[in-house]
Amino acid sequence: MSRALITEHEPAALRLLAQGRTQVEIARTLRIRPETVGRLLNRARILLRARTLPHAVARGYETGLLGP
């Protein structure tokens, strides 16, 4: 995955999801619509080549996208 392909909102949404936040809570935090959160998370899942959102979170940590 190329980091150039991922926007700053996608890892932010994925990080909040990893903390157990709902799409509505993520939307409030990022000041975007809940529908947009869904699109961001789905795009991050695709870019990380993950089958599910929990798998995307794991891949985010594996690749260093979400931190050490």
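In this text, all values refer to a predicted model and were calculated from it rather than measured experimentally.
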Residues, nucleotides or ligands: over 12 heavy atoms within 6.0 Å of E35 CD: yes
Nearest-0.5 Å distance, CG of residue L30 to CD of residue Q23: 11.5 Å
Closest approach of A18 to V57 (non-hydrogen atoms, all atoms of both residues): CB-CG1, 3.6 Å
Counterpart residues, side chain to side chain contact (heavy atoms under 4.5 Å, CB included), relative to E62 (two or more places apart): R59
Same apolar cluster (I L V M F W Y, side chains within < 4.5 Å links), Y61/L48: yes
Exercise: identify the closest heavy-atom pair between L41 and L17: CD2-CD2, 4.1 Å
Rounded distance (nearest 0.5 Å) linking atom OG1 of T29 with atom CG of L16: 5.5 Å
From CZ (R39) to CD1 (I32), nearest 0.5 Å: 9.0 Å
Results of side chain to side chain contact (heavy atoms under 4.5 Å, CB included) for I46 - residues two or more places apart only: N42
Smallest separation among heavy atoms of I6 and P11, with atom names: CG1-CD, 3.9 Å
Short side-chain to backbone donor-acceptor contact, R45 and A50, under 3.5 Å: yes
Nearest heavy-atom neighbours spanning L40 and H9: CD1-CB, 3.7 Å
CA sep, side-chain torsions, deciding dist, call: L47, E10, side chain to side chain contact (heavy atoms under 4.5 Å, CB included): CA-CA 10 Å; L47 289 172; E10 290 155 350; 4.0 Å; yes
